[in-house]
Structures are given as structure tokens and as C-alpha cells.
2 protein chains.
Amino acid sequence: MADGDERAEGVSTTRKSFEILELLRDTDGATLAEIREATGLAKSTVYRHLKTLYDMRYVVDDDGVYRLSLKFLQLSEPPRIREEAYLVAKQKVIELAQETRERALFLVEERFDGVYVHRAGGQNPLHSDTMIGVRRPLHALAAGKAILSEWSDERVDEYVRETGLPRLTETTITERDVLFGELAEIRERGFALNEGEHMEGLRSAGVSVYNERGDPIGAFSVFGPTGRVTKEDLETTYPRLLEEKAQELKIDLTYD
Amino acid sequence: MADGDERAEGVSTTRKSFEILELLRDTDGATLAEIREATGLAKSTVYRHLKTLYDMRYVVDDDGVYRLSLKFLQLSEPPRIREEAYLVAKQKVIELAQETRERALFLVEERFDGVYVHRAGGQNPLHSDTMIGVRRPLHALAAGKAILSEWSDERVDEYVRETGLPRLTETTITERDVLFGELAEIRERGFALNEGEHMEGLRSAGVSVYNERGDPIGAFSVFGPTGRVTKEDLETTYPRLLEEKAQELKIDLTYD
DNA sequence: CCGGTCGGTTTCGGATCGTCGAACCACGAG
DNA sequence: CTCGTGGTTCGACGATCCGAAACCGACCGG
């Protein structure tokens with residue numbers, strides 16, 4: 001499938017429907033008038049799209065305000081459990097969070113984006129699952145850099161070309177050569193570190209995760225605020241634990 | 001929003017796109033030829049839809065076979081964590097599973113369907129999350145009956161009229177009057193039971209869950225095979241535990 | 001009781017754009 | 001080299017999507 005121009009190509013009707021769906025997501029529900037306002041579409045057009053989505057049960061009508069329905073779970077769960085490894089990873093992430101008392105996650109790459117597939121930990125349950133599905137640039141995450149370190153130079157170059165290494169904080173890696181140096185170092189020592197490159201005041205460690213055939217499938221990471229996570233944790237305790245969990249996962253997959 | 005005729009109304013283009021998406025889900029990935037075959041659409045039509053969905057990042061191209069992408073997580077998570085209560089419920093479900101060593105779930109009603117929002121437990125991690133998003137008839141589930149027991153007679157009648165109380169097993173409730181009797185009993189004793197009405201050989205107990213304002217928002221249930229779950233468990237131990245967790249949830253919501 | 005508002009719904013004509021079929025291209029197998 | 005397969009482009013036709021306007025019903029305030 002060619003990438004081509006992503007602006008006008010394809011079926012614009014489908015784009016309109018998804019534009020509405022994404023709007024409902026971002027506003028956490030909206031009325032017909034609000035949707036019409038935000039999209040600039042005619043009332044009857046919005047109505048027809050909404051009615052279609054409602055009939056298909058992808059949208060619910062909460063007394064005049066339309067919201068996304070739980071039916072999207074039926075489209076999101078299959079990709080999330082496609083690989084048996086993803087399922088086992090969930091358990092490991094929970095364990096990582098419990099054993100470190102910090103937050104842990106399992107990250108996967110999709111179309112050059114880092115996607116949070118599982119997440120656990122954090123004192124407040126409110127924030128514990130709040131980030132699932134979020135997409136972040138790989139080069140600004142410990143787990144993301146671990147994933148990149150598995151790639152060929154050509155592929156990493158393509159990543160650099162495609163994304164342009166956007167800056168998120170003061171310390172984000174934005175130079176191709178710096179990135180390549182970092183990746184070499186990661187390959188050397190076996191794990192990745194992150195000191196506020198994604199978010200000010202947050203440090204993390206990450207390792208690659210492999211399936212039973214040894215193919216890299218994603219990465220684990222543990223992260224916490226600079227004040228609470230010591231240098232010792234970051235450079236010794238966490239990497240060791242992360243590698244242990246990655247190893248376990250591979251073993252679980254092999255003998256099951 | 002009126003229900004109307006759900007066949008031809010609305011935007012058929014959007015329907016086609018979702019038909020393709022649901023096909024990709026059900027087949028766990030398909031080639032262009034397979035989609036064309038299954039839908040009866042012209043090759044170029046399928047191509048255009050696919051290209052649009054690909055451009056929007058809802059579909060990935062796995063070397064000729066197209067699959068749903070993880071981007072659907074961005075549409076499924078918001079509804080899943082809309083209510084703070086849903087998030088707290090997740091934790092309680094995990095605890096229920098750990099404390100009973102059986103499977104536990106949190107069920108919510110949407111458009112007369114029971115939807116599995118959280119699920120935990122089961123020795124095999126493979127099956128532990130496998131059912132999230134699944135939709136089942138309320139009258140055949142313990143948690144579902146608990147939900148129905150909160151409704152007005154009119155609303156239950158509407159449910160009966162709408163669904164026709166389909167039979168799933170020998171013991172499924174299929175008569176309006178039997179259902180009403182059962183619901184009265186549930187209101188009486190405070191919890192619902194299920195003896196193979198959903199699936200042969202499975203028994204379960206369920207209770208309603210309320211938010212901090214006392215509105216019913218869903219139900220917990222614990223379930224296991226008849227051989228392992230004793231009558232004592234079902235009628236005393238589990239109900240007590242379930243009610244305890246429901247109570248805790250309400251308290252957590254109030255004082256947070 | 002009445003007028004105004006707002007959301008939902010229907011109608012209709014016109015133009016857009018989605019659809020189809022055919023042809024073209026790239027590639028790999030035989 | 002040729003066939004077959006899957007992906008892609010092209011062009012013409014016409015279905016259908018779009019927008020504007022009007023209608024309905026409910027609610028609210030005066």
C-alpha cells in the first residue's frame with residue numbers, strides 16, 4: 001500500500017464519519033449542533049452520519065448528547081491480543097508495577113509511533129489506565145529507544161526522515177547522529193535510559209521484549225519522577241528487573 | 001434519535017467501510033482479494049476504502065494482509081473510562097478474581113446488551129482478557145439479571161419486547177413472567193444467581209453496583225464451573241464478597 | 001396561551017464523488 | 001518468456017451524498 005497524498009484521496013464520506021467519531025472522543029460527547037459547528041457540515045449531513053453510526057451501534061444517544069459506544073472495544077481488543085505475547089506482557093507489566101511501586105508499561109511500534117498497549121501502577125487508579133492507546137514518538141521514550149535499537153540503520157534513517165525527530169523537552173534527542181550513538185550504546189549495555197527527554201522531571205529505563213522465536217515485539221519500561229527514582233534504581237535495579245521480566249515472557253511463550 | 005429502519009438508511013459508504021473493518025476483525029486480517037470476495041464489492045472500491053482507512057491509520061498493511069490497527073484503542077478507551085466508577089471497578093474485579101480464585105467481571109448495559117467492560121482471573125492468562133467488549137443478553141447472566149432488577153417494570157417489558165428473550169441453554173429464562181418472578185426474588189435477597197442459563201456447566205453470582213449518588217451503573221459477578229463452585233460459595237460466600245466490593249466501590253467514589 | 005428556541009426529521013434537486021470495469025504495472029513462479 | 005496474482009490507476013456513469021429549507025414536537029419563559 002503506497003502512502004501517497006493523505007489529504008484528499010479515498011472516500012471522503014468515510015473520513016467525515018471518522019471526523020465525527022474523533023470529535024465525539026475529544027469532546028467526550030457532543031450535541032448535533034456542536035458537531036455541526038465544529039465540522040462545518042450541514043445539519044442534515046451530520047444527522048445522517050450520526051444516524052448511521054447510531055444504527056450500527058457505534059454511537060449512543062445520551063439524551064441529546066452523542067457519545068462513542070463501548071462497541072469500539074470489539075475493534076480494539078483483537079489487535080491488542082493478536083499476539084499471545086501481548087497478553088503475557090500485560091501480566092508482566094502488572095508485576096513490574098507492583099515490584100517497583102512505580103509505573104510500568106508495554107510499548108509497541110506501529111507505523112513509526114510508539115503505542116502504549118499496557119500500563120500499570122501509579123497510586124491513583126484514575127491515572128493508571130488513562131494512557132492506553134496513546135501514541136508517542138519512539139525516540140523520546142526509553143522503551144521507544146529500546147525498540148529502535150533493534151532496527152537496521154536503514155530503518156532508523158527512514159524513521160528519522162519520516163518523523164524529523166520532534167523535540168518534546170530540553171533534552172530530547174533531535175540529531176540523527178546523537179540518536180545513532182545512543183542506540184549503539186543501548187545495544188552495548190542491553191537497556192535504554194531516559195532522563196526527561198519525554199517529559200520534564202521523569203526518568204525511566206526500558207528493555208526490548210522478544211517472542212519465542214526471538215523476534216523483537218515491543219519493550220517494557222518503568223518510570224517515575226526524578227525525585228523518587230534513584231540513579232541506582234535507574235541504572236541497576238530496574239534494568240535487571242526489566243530484563244528478568246522480558247526473559248520470563250519469552251520462556252512463558254515457549255513452554256505453554 | 002429514532003430507531004427506524006436499520007437496513008438502508010443513512011450513509012451507505014460509511015456502512016461499507018465498517019463492513020470491511022468488521023470483516024478484518026472477524027478474520028483476523030484479510031487480503032484485498034478476500035475482502036472483495038466476502039463483500040461482493042469491486043476490487044477498486046475495496047482498494048479505495050482500504051486506502052482511506054490506511055491513511056487514517058485505522059488499518060495496517062502486514063505485507064499484503066490488512067489488519068485492524070491499535071488506533072482503535074483511542075476510540076475504545078474513552079468510553080471505557082468515561083465514568084470514574086468504571087476505573088475503580090477494574091480494581092475491584094481484579095481483587096474479586098484473586099480472592100475467589102475464580103473469574104470475575106464487571107458488566108454494563110448498553111442498548112439492552114450486557115457488555116463485558118472488565119474481566120479478570122482464570123488460570124490461563126490467555127483467556128483472562130479475551131472477552132472484553134463481548135455483548136451478551138442480560139437475562140442470561142447473573143450480572144445481567146442484577147442490572148435488570150434495578151429497572152422499572154416498563155423498561156423490563158421493553159427489554160423483553162425488544163430482545164424476545166432468546167434461549168442460550170436448557171435453563172435460560174425465556175418467559176416474561178418467569179423473568180419478573182426472578183427479578184423480584186433478586187430485589188428481595190440482594191443478589192442474582194445463575195445456574196447454566198448462559199452456558200452449560202457454569203454457575204455464577206452477581207450484584208448491582210452503584211455510584212456515589214446511588215445510581216445503578218453496572219454489576220459485578222464471579223463465575224466458575226459447577227464442579228468447582230459449591231452451593232455454599234454461590235449462595236453465601238460469593239454474594240457476601242460481591243456486596244462488600246460493591247460497597248467499597250461506592251465508598252471509594254465518595255471519599256476521593 | 002403564545003412565541004421562541006432547539007433538536008430531530010423529512011424532502012428535494014443538483015452536483016459530487018463513490019462505484020465499477022477494464023487496463024496497466026510489478027513481481028514471482030514455473 | 002509467459003502466465004497469474006495482487007496492487008494501482010483511469011474514466012465514465014449514475015447512485016447517493018450534500019446542503020438548504022421547512023416541518024414537527026417538546027420545552028421554557030413570559
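Letters A, B, ... are given to chains in the order of the sequence lines, protein chains preceding strands, and every chain is numbered from 1. No experiment lies behind these values; they were computed from the predicted model shown.
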Legend entry - A:Arg213 NZ/CZ over A:Tyr210 ring centroid, <6.0 Å and within 45° of normal: no
Discussion item. Can you confirm if the NZ or CZ of A:Arg111 lies within 45° of the ring axis of B:Tyr54 and under 6.0 Å from the centre of its six-membered ring?
Written reply: yes
When rounded to whole Å, the OH to P distance for the pair B:Tyr47 and C:dC24 reads 18 Å
Between B:Glu150 and B:Ser208, is there a side-chain donor-acceptor contact under 3.5 Å, judged purely by atom types and distance? yes
Quick one: is A:Ser12 getting a side-chain N or O under 4.0 Å of the C:dG18 phosphate, OP1 or OP2? yes
Here the distance between atom P of C:dC17 and atom NE2 of A:His49, to the nearest Å, is 12 Å
Quick note, A:Thr31 side chain, CB onward, closest among D:dT9, C:dG7, C:dC20 is C:dG7
| said: Less than 4.0 angstrom from a charged side-chain N to a carboxylate O is my criterion; do A:Glu110 and B:Arg57 meet it? | reply: no
Closest of D:dT8, D:dG19, C:dG18 to the A:Thr45 side chain is D:dG19
note: A:Arg36, atom CZ; C:dT9, atom P; distance rounded to Å ~ 16 Å
Rounded to whole Å, the NZ-C1' distance (B:Lys51 to C:dT19) equals 18 Å
Taking for A:Lys43 and for A:Val46 the nucleotide of DNA chain D with the nearest heavy atom, the one nearer the 5' end belongs to A:Val46
5'-most contact on DNA chain C (nearest-nucleotide basis), A:Lys16 vs A:Gly64, goes to A:Gly64
- So, does the side chain of B:Ser44 form a donor-acceptor pair with the base of C:dG21 at under 3.5 Å? yes
From CG of B:Leu50 across to C1' of D:dG6 the rounded distance in Å is 12 Å
A:Arg48 atom CZ is separated from C:dG8 atom C1', nearest whole Å, by 14 Å
When rounded to whole Å, the CG to C1' distance for the pair B:Leu32 and D:dT5 reads 11 Å
Any idea how A:Tyr159 and A:Phe112 line up, ring-wise: parallel (<30°), tilted (30 to 60°), or perpendicular (>60°)?
perpendicular
note: A:Arg15, atom CZ; D:dC17, atom P; distance rounded to Å ~ 17 Å
